[in-house]
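Below is one structure, written out as structure tokens; the observations come after it.
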Protein chains: 2
Amino acid sequence: MKRKLTLKLIAKELDVSISTVSKALRDSAEISEDTRQKIKAFAKLYNYKPNNIALSLKNRKTRTIGIIIPQIVHHFFTTVIRGIEQMAREHNYNVIITLSNNDFDKEVLNMELLANGSTDGFIVSLAKETLHKDDFRHLTEAIDQGMPVVMFDRIVDEIPCDKVMIDDREGAKMGVMHLLKTGCRKIAIITTKDYVTIGKLRTKGYIEALESYGVKVEKDFILKLDTIDHCGDDCSAKIKNFLKDKDIDGVFTVNELFAVTAAKHLTAIGKNIPNDVSIVSFSDGELSQHFIPSLTTVSQHGELMGRKAAELLINKLERPEEEVEEYTTAYIDTSLIERESTKKIK
Amino acid sequence: MKRKLTLKLIAKELDVSISTVSKALRDSAEISEDTRQKIKAFAKLYNYKPNNIALSLKNRKTRTIGIIIPQIVHHFFTTVIRGIEQMAREHNYNVIITLSNNDFDKEVLNMELLANGSTDGFIVSLAKETLHKDDFRHLTEAIDQGMPVVMFDRIVDEIPCDKVMIDDREGAKMGVMHLLKTGCRKIAIITTKDYVTIGKLRTKGYIEALESYGVKVEKDFILKLDTIDHCGDDCSAKIKNFLKDKDIDGVFTVNELFAVTAAKHLTAIGKNIPNDVSIVSFSDGELSQHFIPSLTTVSQHGELMGRKAAELLINKLERPEEEVEEYTTAYIDTSLIERESTKKIK
DNA sequence: TTGTATGCGTTATCAA
DNA sequence: TTGATAACGCATACAA
């Protein structure tokens with residue numbers, strides 16, 4: 001097993017000092033053209049690459065951004081990551097991803113791993129379990145130690161850091177408005193329990209839309225589920241039960257899996273989509289496009305979100321030390337993608 | 001912005017030497033009970049965590065495994081990652097992921113980033129573009145420098161490293177056999193061009209299955225597409241065209257998106273699934289479960305694959321230096337998951 | 001029982 | 001123009 005090439009080895013081989021090698025490789029004017037050429041040729045030949053670890057230690061900077069997210073299956077997260085990577089690349093930063101699998105302990109572990117030297121700052125979407133536990137010490141500790149943090153998607157208001165969100169309330173409102181505009185009046189919502197901020201806000205948007213149309217909000221028409229990231233048998237049964245015998249002509253869901261599950265149960269009891277019941281869902285997944293009928297969705301522009309998050313983080317990383325702390329919350333617009341699960345506006 | 005706590009700072013604060021602090025924190029017997037307690041209490045109070053970068057530099061080991069994959073949307077990769085992380089955790093390794101987005105340059109960049117100190121070894125699934133370019137210098141360079149590499153999923157035979165594969169030929173054969181067993185005889189396959197190893201092998205399994213049943217292989221029944229990871233308009237049109245007017249009673253596809261697309265076009269021309277045409281697909285996605293009808297699939301056990309890949313890598317990392325190089329290829333079994341897109345075996 | 005010195009790979013400062 | 005030295009944060013062999 002060959003040892004990696006270091007300045008020291010090059011120096012020994014060429015019989016010069018380490019610092020001469022270092023300077024030559026960085027094109028320092030101090031070094032004579034001759035030796036510089038010689039050293040550079042040698043380094044190139046043997047494919048010398050400086051050791052990032054040593055550089056990080058020396059500079060106390062890694063130029064690496066850490067991303068901590070719950071799951072990666074979601075198409076949404078992929079698009080966010082892409083956005084982050086774009087922006088990072090433009091500013092010469094690298095990106096490293098770790099997954100929490102929606103597990104609190106793992107989120108903490110991952111943060112500690114990355115916080116102890118591997119990363120200059122974090123972009124985080126919290127694990128479900130973390131939100132549930134309401135325990136954010138790992139975040140506040142990182143922040144206390146001077147690690148800039150940007151939260152996105154799953155936000156907690158009280159954490160002092162930059163945040164990037166979509167306007168969930170507005171987005172939900174837009175989705176429900178679309179249902180209203182296409183003629184629906186008996187609209188149910190399948191959402192999450194209120195401890196998930198996004199669920200709460202989207203429920204709010206739903207209510208606002210109905211009210212703006214003078215439609216009464218029926219408590220019976222609101223289903224709040226515990227799960228977010230997948231829809232197991234239990235969740236499916238709850239949706240089935242919720243839809244059974246309900247006189248509705250529209251369903252709004254806060255994610256794609258709820259929508260698909262609802263669509264299945266509706267179809268099973270003989271309802272036609274969109275003629276009997278229309279469906280609109282928050283989503284960024286592939287499911288919506290490929291499902292039959294394809295689903296009208298409120299789309300989240302994950303790439304923009306990622307770019308914005310990275311931009312905020314890099315700003316913090318490169319701002320002069322003395323500057324006052326100041327946290328901004330950026331909002332990313334949503335947009336409606338019409339597909340087959342809703343009727344045309346007349 | 002507070003500076004991170006270091007041994008040096010603790011030492012100064014407590015008026016002892018750095019090595020005393022270091023030893024105390026590592027419970028060295030050299031240090032008196034008294035000072036040890038004092039130091040540990042202080043460290044705990046101020047939440048001291050050793051700097052990983054410094055440790056890595058010192059030990060020339062990071063205890064970190066780097067994963068380089070093309071895309072993460074695929075449910076399959078998520079399960080593989082989970083497997084890797086499990087095994088890594090059990091052996092006290094950490095895991096870092098980077099995405100190539102199926103882009104060659106990015107794959108190279110990512111490998112270089114991680115190779116220059118951040119990781120002890122790699123687990124890699126190659127980008128599509130890399131396979132296409134047939135340029136693997138970044139891999140061989142890493143290997144030459146003593147970085148152990150394990151390839152999975154998208155393999156290249158000539159690279160000297162450990163490999164984890166599923167038996168694509170066997171899996172495809174099993175899928176097609178199922179179609180045969182349920183009575184299909186006119187079975188088409190939608191696969192990838194042969195430069196993608198998995199596509200090639202699966203095509204082979206398809207042919208073997210047919211032959212074992214004495215069914216003639218029709219060239220017309222084989223569609224080789226260029227894309228792998230998504231199925232855009234162009235790809236969809238090709239599938240549509242391929243299926244049009246074709247007298248078939250079964251379709252086998254090498255991925256879920258091809259299957260869904262095929263199912264749509266078949267339904268559109270009035271075919272019932274599974275009564276007129278049955279479908280079996282290679283897949284690990286959510287689409288198969290949620291599609292209507294849900295799809296019978298050949299499942300890949302990504303988690304096992306991940307575990308195996310990590311195990312092989314860790315073995316290499318912890319083996320004594322002098323040992324001879326020896327590369328193994330591990331095969332992971334596939335299994336058939338029956339759903340609604342195929343008929344029952346009589 | 002505690003402290004000093006050295007090295008991991010790099011760069012920056014200063015001396016030669 | 002080149003080289004020696006110190007420092008980044010840590011662990012450890014050795015000296016006190």
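Reminder, nothing fancy here: chain letters follow the sequence lines and each chain counts from 1.
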Legend entry - Contact under 4.0 Å: A/T20 side-chain N or O vs D/dG3 OP1/OP2: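 Checking D/dG3 against A/T20, a side-chain N or O does come within under 4.0 Å of OP1 or OP2.
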
Inset, instruction - State whether A/S17 places a side-chain N or O below 4.0 Å from either non-bridging phosphate oxygen (OP1 or OP2) of D/dG3. - result: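 A/S17 to D/dG3 OP1/OP2: side-chain N or O found under 4.0 Å.
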
Legend entry - Donor-acceptor contact present, side-chain B/N59 to main-chain B/K61, <3.5 Å: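 Checking the backbone N and O of B/K61 against the side chain of B/N59, no donor-acceptor pair under 3.5 Å is found.
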
Inset, instruction - For B/D162 and B/T328, indicate whether the former's side chain and the latter's backbone hold a donor-acceptor pair under 3.5 Å. - result: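 Present.
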
In whole angstrom, what separates [X]'s [atom1] from [N]'s [atom2]?
X     : N      : atom1 : atom2 : value
B/E30 : C/dG3  : CD    : P     : 12 Å
B/I10 : C/dT2  : CD1   : P     : 16 Å
B/K38 : C/dT1  : NZ    : P     : 14 Å
A/L14 : D/dG3  : CG    : C1'   : 15 Å
B/K23 : D/dA11 : NZ    : C1'   : 9 Å
B/D15 : C/dT1  : CG    : P     : 20 Å
A/L9  : C/dG9  : CG    : P     : 8 Å
A/R36 : D/dT1  : CZ    : C1'   : 11 Å

Inset, instruction - Just call it for A/S19: base, sugar-phosphate, or nothing, with non-hydrogen atoms closer than 4.0 Å on any strand. - result: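 Contact class for A/S19: base.
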
Inset, instruction - Assign B/T35 to base, sugar-phosphate, or nothing according to its heavy-atom contacts below 4.0 angstrom with the strands shown. - result: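 B/T35: backbone/sugar contact only, no base atoms under 4.0 Å.
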
Inset, instruction - Evaluate the side-chain proximity of A/L131 to A/V156: yes if any heavy-atom separation is below 4.5 Å, no if none is. - result: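 In contact.
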
Legend entry - Sub-6.0 Å ring centroid separation between B/F104 and B/H138: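 Aromatic pair counts; centres sit under 6.0 Å.
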
Inset, instruction - Step through the shown structure and confirm whether more than 12 heavy atoms of other residues, nucleotides or ligands are within 6.0 Å of CG on A/D27. - result: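 Enclosed: over 12 neighbouring heavy atoms sit under 6.0 Å from CG of A/D27.
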
Legend entry - Crowding at OH, B/Y331 (>12 non-hydrogen neighbours, <6.0 Å):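 For B/Y331, atom OH is not crowded (no more than 12 foreign heavy atoms under 6.0 Å).
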
Legend entry - Minimum heavy-atom distance between A/I68 and A/E107, given as atom pair plus value: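 Smallest interatomic distance, heavy atoms only, reads CG2-CG, 4.2 Å.
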
Legend entry - Nucleic acid contacts - residues 110-120 of chain A versus DNA chain D, non-hydrogen atoms under 4.0 Å: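 Per residue number, the list is empty: none.
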
Legend entry - Modelled atom types, side-chain donor and acceptor of A/E33 and A/Q37, under 3.5 Å: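 Yes, because at least one side-chain N or O of A/E33 sits under 3.5 Å from a partner of the opposite role on A/Q37.
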
Legend entry - Check: A/T20/A/S17 side-chain N/O donor and acceptor closer than 3.5 Å: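 A/S17 and A/T20 do have a side-chain donor-acceptor pair below 3.5 Å.
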
Could you write out each protein N or O paired with an N or O of nucleotides 6-10 of chain D at a distance under 3.5 Å?
| unit_1 | atom_1 | unit_2 | atom_2 | d |
| --- | --- | --- | --- | --- |
| D/dC8 | OP1 | B/K8 | NZ | 3.2 |
| D/dC8 | OP2 | B/K8 | NZ | 2.7 |
| D/dC8 | O3' | A/R60 | NE | 2.9 |
| D/dC8 | O2 | A/K58 | N | 3.4 |
| D/dG9 | OP1 | A/R60 | NE | 3.2 |
| D/dG9 | N2 | B/A54 | O | 3.3 |
| D/dC10 | OP1 | B/Y48 | OH | 2.6 |
| D/dC10 | OP1 | B/N51 | N | 3.1 |
| D/dC10 | OP2 | B/L7 | N | 2.6 |

